Amino acid sequence: MPARPFPDTLADATLQLIAAVGAALAHRGDVEERRLFGCWAFFVDGKLCIGVKEGELLVRLPPERHGEFQEMQGTRELSPSGGMQGYFWVEPNGYATRAQWTFWLDEALAYNPRAKASPRRRRGPAPAPVPSPARAGRHSIFEADD
């Protein structure tokens, strides 16, 4: 199945999640956003840190803690064959509360300085920023706060 086009056909919930990740990383000066593997990816210091695809978060975490994250509610491995240690999809029920949201962001950002950078391949002009009315104002993606 071909990757979904960006940003025209993204669901509002996905745009809100992209906006929420962008807002959470806005204080940093080393964040770049771009498409990667059919998701909207956030690179911190040139390294994949967090991505968004259809309401799920892609988080890059310490490979040595893979088994620990694998057992957590609302997560699944990026590659069930085990080829991508430390990469996980977090389903909406895994980041529904502010505490869960903060946990995943903090874990991904804490690992980022140790993560290896991949060289960027140039494929043409950078994609346009994802339009979202949610970026303009405050909103919450959480079902309930702790």
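Throughout, residue positions are numbered sequentially from 1 according to the sequence presented. Small disclaimer: the values here were computed from a predicted structure and weren't measured.
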> Taking C-beta and beyond as the side chain, do Phe103 and Met72 meet within less than 4.5 Å on heavy atoms?
Replying inline: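 A side-chain contact exists here, since the closest heavy-atom pair is under 4.5 Å.
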To the nearest 0.5 Å, tell me how far [X] [atom1] sits from [Y] [atom2].
X	Y	atom1	atom2	result
His66	Met84	NE2	CE	10.5 Å
Leu57	Phe42	CG	CZ	9.5 Å
Leu17	Glu56	CG	CD	10.0 Å
Glu107	Glu68	CD	CD	7.0 Å
Asp45	Leu109	CG	CG	11.0 Å
Cys39	Ile50	SG	CD1	11.5 Å

Please report the shortest heavy-atom distance between [X] and [Y], naming the atom on each side.
X	Y	result
Asn112	Lys47	O-NZ, 2.9 Å
Glu33	Trp40	OE1-NE1, 2.7 Å
Glu77	Trp89	O-CD1, 4.1 Å
Gly46	Ala117	O-CB, 4.0 Å
Leu48	Tyr87	CD2-CE2, 3.8 Å

> Where do Trp104 and Thr75 land on the side chain to side chain contact (heavy atoms under 4.5 Å, CB included) test, with the steps shown first?
Replying inline: CA-CA 11 Å; Trp104 293 116; Thr75 64; 3.5 Å; yes
>> Can you see whether Tyr111 has Arg60 sitting over its ring - NZ or CZ less than 6.0 Å from the centre and within 45° of the normal?
In response: no
>> Suppose we screen for side chain to side chain donor-acceptor pair (under 3.5 Å). Which residues come up paired with Gln73, at least two apart in sequence or across chains?
In response: none
>> Hydrophobic clusters here meaning ILVMFWY residues chained together by side-chain heavy-atom distances under 4.5 Å, can you tell me if Trp101 and Phe69 are in one?
In response: yes
